[in-house]
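Pasting a structure below so you can have a look.
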Amino acid sequence: MYCNKANANQLTALLIAHGIRDIVVCPGSRNGVLAHNFHAAPLLNAHPVTDERSAGFVALGLALATGRPAAVCVTSGSALLATLPAVSEAYFRHIPLIVISADRPPQWIGQMDGQTLPQQHALQPYADTYNIIEPQNETERWGNNRLINEALCRCREPKGRPVHFNLPISEPLFAFTTPALPCERMVKACAASAPAPLPDEIVSLIAEASNPLLVVGQCEQREAEIIDRLDGAGRMLVLPELTTPSALCRRTALLEADDHLLYLYSPDVVVHIGGNFIGKAVKRLLREYLPFYLIRIDLSDTLCDTFCHLTHHVQADPIDAAAQLLYALPENQNVKNASVAFDRRTAQVDAANLDALPFSDLTAMRLLAKRLERQDGTVLHLGNSSVVRNAALFFDSHRLRVHCNRGVNGIEGSLSTAVGHALGTTWQVWAVLGDLSALYDANALWNTQLPPNLRIVVFNNGGGQIFSRLPGLYCSEAAPGLIAAAHGYSLEHIAAAFGLEYHAAHSLAEADSAFTAMLATSGKAQLTEIFTRSADNEEARIKYQEIINALVNE
């Protein structure tokens, strides 16, 4: 039997899965459940050492002797600090040492409660702390799994480093009622090789797949266009987003409204590259969809598990990896058929009659996309929330250079980023924003060198339109004013104060006229404010969804 602490059982199971065999155990009550598990697990060798300082060095010696990571387990309080001399030695010699500490409830720190001190980050800068909580739901279990896998992969790198697992253990402490360790997902770290970035086992895994899929998050390198060739040559079905330079970027936006194409394809190997991923439907589909292998390729030593099914992590340049796969993978008829189906559906959506839609953010965005699609030398900076999602339905990032502050930003900084880009290029830079983003960042226009190649389009719908899509939110009386920030402001006088040419549009005809003026050469930066009603925007979104649904049922 094992203990009844889920975090201790998760850690024990993954230590075994990653090939850890030797654990030096120091006495204590708070770490007693861990000591019990290490004794009960048949594949683990528990070595008792009373002095924590000595125990750290004993584990160091075990790691040197066996060539694999060894662990030392201590109780709470200053016992952890006693391992620091061994940890610092391991850090500078790249010896894979694992420190496991039991912890007490943090609310008792500083309350004269014995053996209680801040244990997270206590071993820095020599070892990062991974806090493995007692999970209360499946999301927290997944979080523990990802952290444990990340730490153990990092420890086993060629130039490995010590890592620290800190486990809060609540009272009552001692109940040994779990008959078996949990079946935990193990993530395998695969080292890149020269000259080919992907190891043979990864290439073989993808090559043997019936329905391989490449999912691409934000990737602004122009070299990323090679991913289109993977799809065109029938090697992998590619799902990029608008924030990647790709002629296929609208596929992901299409799946937001029509996800059955991905279900029909049924990927069995998914490769994930790139940064922040906007499409919520695709994230939901892949998080819920099983089974498949999920391979993440990036240069980081952090496990990015966006889709919650990570099985392999390769530290390599993703563009170099795509180039390798282009020549290493065989043609796949399933990929070709799925690619044709996606392209056919995209063409059907393009040809759909949207005349029934009211003047709205959607119809104005579609018009703007048509006006800019043939403009060479154009940069597009998109605001977050509704704007980037609406733009993804109509814009082609293969023709335009598309940027969006999708790292961690919300409404802040989008206009300032576009101003900076315009200062550094002779191309026209179009900043397309929502009203809250523009008003929040209006000081971006407080610039004595405001460049004349800057074009700003603001969708003014009187507040945060994205909030109308959140189920149940408008049951709250606080929603319009306190959450969606409803307002009655215009940017006309702001534009005048900073010397911009200003255009207002209350209809498609006025928007078309404004866009024509903005495309012309001018000695000033220009701003067009498109006024729409929130109710019309919601009606247009619903009718657009109905049009897509009708295409699916044809």
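Any value given below was found using the heavy atoms of this structure, including those in side chains, with hydrogens, waters and symmetry copies removed. On a predicted model such as this, the values are computed, not experimentally measured, just so you know.
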**Study point:** From CA spacing to verdict: side-chain contact (heavy atoms from CB on, under 4.5 Å), M365, V457
**Key:** CA-CA 10 Å; M365 186 70 78; V457 178; over 6 Å; no
Practice item. Look only at the side chain of D441 and the backbone of L415, and say whether a donor-acceptor pair between them is shorter than 3.5 Å. Key: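 Checking the backbone N and O of L415 against the side chain of D441, a donor-acceptor pair under 3.5 Å is found.
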**Study point:** Non-hydrogen atoms of F176 and M1 that approach each other most closely
**Key:**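 Answer, listing the atom of F176 first, then M1: O-CB, 3.4 Å.
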Check your understanding: Can you find a heavy atom in the side chain of D128 that is under 4.5 Å from one in the side chain of V163?
Key ->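 Contact flag for D128/V163 side chains = no.
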Check your understanding: Taking C-beta and beyond as the side chain, do H164 and S101 meet within less than 4.5 Å on heavy atoms?
Key ->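 Side chain of H164 against side chain of S101, heavy atoms only: contact under 4.5 Å found.
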Exercise for review: Take L286 and T306, measure what side-chain contact (heavy atoms from CB on, under 4.5 Å) needs, and give me the verdict at the end.
Suggested key: CA-CA 9 Å; L286 292 179; T306 303; over 6 Å; no
**Study point:** Sidechain N-carboxylate O distance under 4.0 Å for E256, R284
**Key:**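 Salt bridge absent between E256 and R284.
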Check your understanding: Is the closest side-chain heavy-atom distance between Q315 and S300 below 4.5 Å?
Key ->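 No, side chains not in contact.
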Point to revise | Close side-chain approach of F359 and L367, heavy atoms under 4.5 Å | key: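 They are not in side-chain contact.
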Check your understanding: Are the charged groups of K543 and E546 less than 4.0 angstrom apart, N to O?
Key ->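 Salt bridge absent between K543 and E546.
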Review point. Run the side-chain contact (heavy atoms from CB on, under 4.5 Å) check on R235 and E331 step by step: do they pass?
Key: CA-CA 5 Å; R235 267 54 175 183; E331 288 189 18; 3.2 Å; yes
Check your understanding: So, does H309 use its side chain to make a donor-acceptor pair with the main chain of R287 at under 3.5 Å?
Key ->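 A pair under 3.5 Å: yes.
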Check your understanding: Is there a side-chain contact between Y289 and L262 (heavy atoms, below 4.5 Å)?
Key ->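 Result no, sub-4.5 Å side-chain heavy-atom pair not found.
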Review point. Under 3.5 Å, is there a donor-acceptor pair between the side chain of N384 and the main chain of R406?
Key: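 Judged by distance alone, no pair lies under 3.5 Å.
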Review point. Does F394 CZ have over 12 foreign heavy atoms under 6.0 Å away?
Key: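 Result for CZ/F394: enclosed.
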Exercise for review: Give a yes-or-no answer on whether the side chains of Y544 and R366 include a donor-acceptor pair shorter than 3.5 Å.
Suggested key: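 Looking only at side-chain atoms, R366 and Y544 do not form any donor-acceptor pair under 3.5 Å.
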Check your understanding: Out of curiosity, T311 OG1 to M186 CE, how far, rounded to the nearest 0.5 Å?
Key ->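 It comes to 11.0 Å.
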Practice item. Keeping the roles fixed (side chain from R146, backbone from L303), state whether a donor-acceptor pair exists under 3.5 Å. Key: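 Looks like yes, one N/O pair under 3.5 Å.
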Check your understanding: Tell me, do S246 and V216 make a side-chain contact under 4.5 Å, heavy atoms counted?
Key ->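 Side chain of S246 against side chain of V216, heavy atoms only: no contact under 4.5 Å found.
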Review point. Would a distance-only check, ignoring hydrogens and angles, find a side-chain to backbone donor-acceptor pair under 3.5 Å from N9 to P182?
Key: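 Flag not set: sc N9 to bb P182 has no pair under 3.5 Å.
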Exercise for review: Identify the two heavy atoms, one from N7 and one from P135, that lie closest to each other, and give their separation to 0.1 Å.
Suggested key: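 Heavy-atom minimum between the residues: N-CD, 3.9 Å.
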Review point. Can a donor-acceptor pair be found between the side chains of Q324 and D320 at a distance below 3.5 Å?
Key: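 On atom types as modelled, these side chains do not qualify, holding no pair under 3.5 Å.
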Check your understanding: Which distance, rounded to the nearest 0.5 Å, do you find between the CG of N37 and the CG of L181?
Key ->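 The CG atom of N37 sits 6.0 Å away from the CG atom of L181.
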Exercise for review: Output the distance between atom CD1 (I547) and atom CG (N353), rounded to the nearest 0.5 Å.
Suggested key: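 Nearest 0.5 Å value for the CD1-CG distance: 7.0 Å.
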Review point. Judged by modelled atom types alone, do D361 and T532 share a side-chain donor-acceptor pair under 3.5 Å?
Key: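 Yes, a side-chain donor-acceptor pair sits under 3.5 Å.
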Review point. Taking the six-membered ring for Trp, are F342 and Y265 ring centroids under 6.0 Å apart?
Key: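 Ring centroids of F342 and Y265 are no less than 6.0 Å from each other.
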Check your understanding: Does the N211 side chain pair with the main chain of D268, one donor and one acceptor, at a distance under 3.5 Å?
Key ->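 Not at all, since once roles are kept as given, no pair shorter than 3.5 Å links the two residues.
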Practice item. Under the ring pair (Phe, Tyr, Trp, His ring centres under 6.0 Å) rule, collect the residues that match up with H403, sequence neighbours excluded. Key: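 For H403, the residues satisfying ring pair (Phe, Tyr, Trp, His ring centres under 6.0 Å) (neighbours in sequence not counted) are H381, H421.
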Exercise for review: Decide whether T129 and N166 meet the rule of one side-chain donor and one side-chain acceptor closer than 3.5 Å.
Suggested key: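 Short answer, no.
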Check your understanding: Ignoring hydrogens and geometry, is there a side-chain-to-backbone donor-acceptor pair from K5 to S170 under 3.5 Å?
Key ->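 A pair under 3.5 Å: yes.
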Check your understanding: So among D350, D396, D343, which one has a salt bridge (Lys or Arg N to Asp or Glu O under 4.0 Å) with R250?
Key ->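 So, applying the salt bridge (Lys or Arg N to Asp or Glu O under 4.0 Å) to R250 and each of D350, D396, D343, only D350 qualifies.
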Check your understanding: Looking at K283 and F277, what are the two nearest heavy atoms and their distance?
Key ->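 It is NZ-O, 3.1 Å.
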Check your understanding: Is there a donor-acceptor pair closer than 3.5 Å between any side-chain N or O of R21 and the backbone N or O of I16?
Key ->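 Yes, because the side chain of R21 sits within donor-acceptor range (under 3.5 Å) of the backbone of I16.
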**Study point:** Polar contact flag, side-chain donor to acceptor under 3.5 angstrom, H18-N149
**Key:**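 Checked: H18/N149 side chains pair up, N/O donor to acceptor below 3.5 Å.
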Check your understanding: Does Y263 have any ring pair (Phe, Tyr, Trp, His ring centres under 6.0 Å) partners at least two apart in sequence or in another chain, and if so, which?
Key ->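 Expected list: none.
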**Study point:** Test log, rule side-chain contact (heavy atoms from CB on, under 4.5 Å), inputs H312 and L205
**Key:** CA-CA 11 Å; H312 298 76; L205 185 62; 3.9 Å; yes
**Study point:** Interatomic spacing from CD1 in I100 to CZ in F38 - rounded to 0.5 Å
**Key:**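 If I round to the nearest 0.5 Å, the distance is 4.0 Å.
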Check your understanding: Do the side chain of S397 and the main chain of T243 share a donor and acceptor less than 3.5 angstrom apart?
Key ->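 No, S397 side chain to T243 backbone: no donor-acceptor pair under 3.5 Å.
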**Study point:** Shortest non-hydrogen separation from G434 to V387 and the atoms involved
**Key:**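 Closest pair (atom of G434, atom of V387, distance): N-CG2, 3.4 Å.
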Review point. Where do P358 and D536 come nearest, in terms of heavy atoms and distance?
Key: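 Taking every non-hydrogen atom into account, CG-O, 3.6 Å.
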Exercise for review: State, yes or no, whether a side-chain contact exists between R185 and L310 at a heavy-atom distance under 4.5 Å.
Suggested key: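 A side-chain contact exists here, since the closest heavy-atom pair is under 4.5 Å.
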Practice item. Could you tell me whether a side-chain N or O of H36 sits under 3.5 Å from a main-chain N or O of A175, the two making a donor and an acceptor? Key: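 Flag not set: sc H36 to bb A175 has no pair under 3.5 Å.
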**Study point:** Closest heavy-atom pair and its distance - A322, I226
**Key:**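 Answer, listing the atom of A322 first, then I226: CB-CG2, 3.9 Å.
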Exercise for review: Report, as yes or no, whether the 6.0 Å neighbourhood of atom CG on D301 holds more than 12 heavy atoms from other residues, nucleotides or ligands.
Suggested key: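 Yes, enclosed.
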Exercise for review: Nearest 0.5 Å please: distance from the CG atom of N144 over to the CD atom of E134.
Suggested key: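 It is 10.0 Å, given to the nearest 0.5 Å.
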Check your understanding: Regarding N4 and T177, is there a side-chain donor-to-acceptor distance under 3.5 Å anywhere?
Key ->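 Side chains of N4 and T177: no pair found under 3.5 Å.
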Review point. Is there a side-chain contact between I273 and C219 (heavy atoms, below 4.5 Å)?
Key: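 No - every pair of side-chain heavy atoms lies 4.5 Å or more apart.
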Check your understanding: Quick one: CD1 on I278 to SG on C404, what's the gap to the nearest 0.5 Å?
Key ->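 Those atoms lie 5.5 Å apart.
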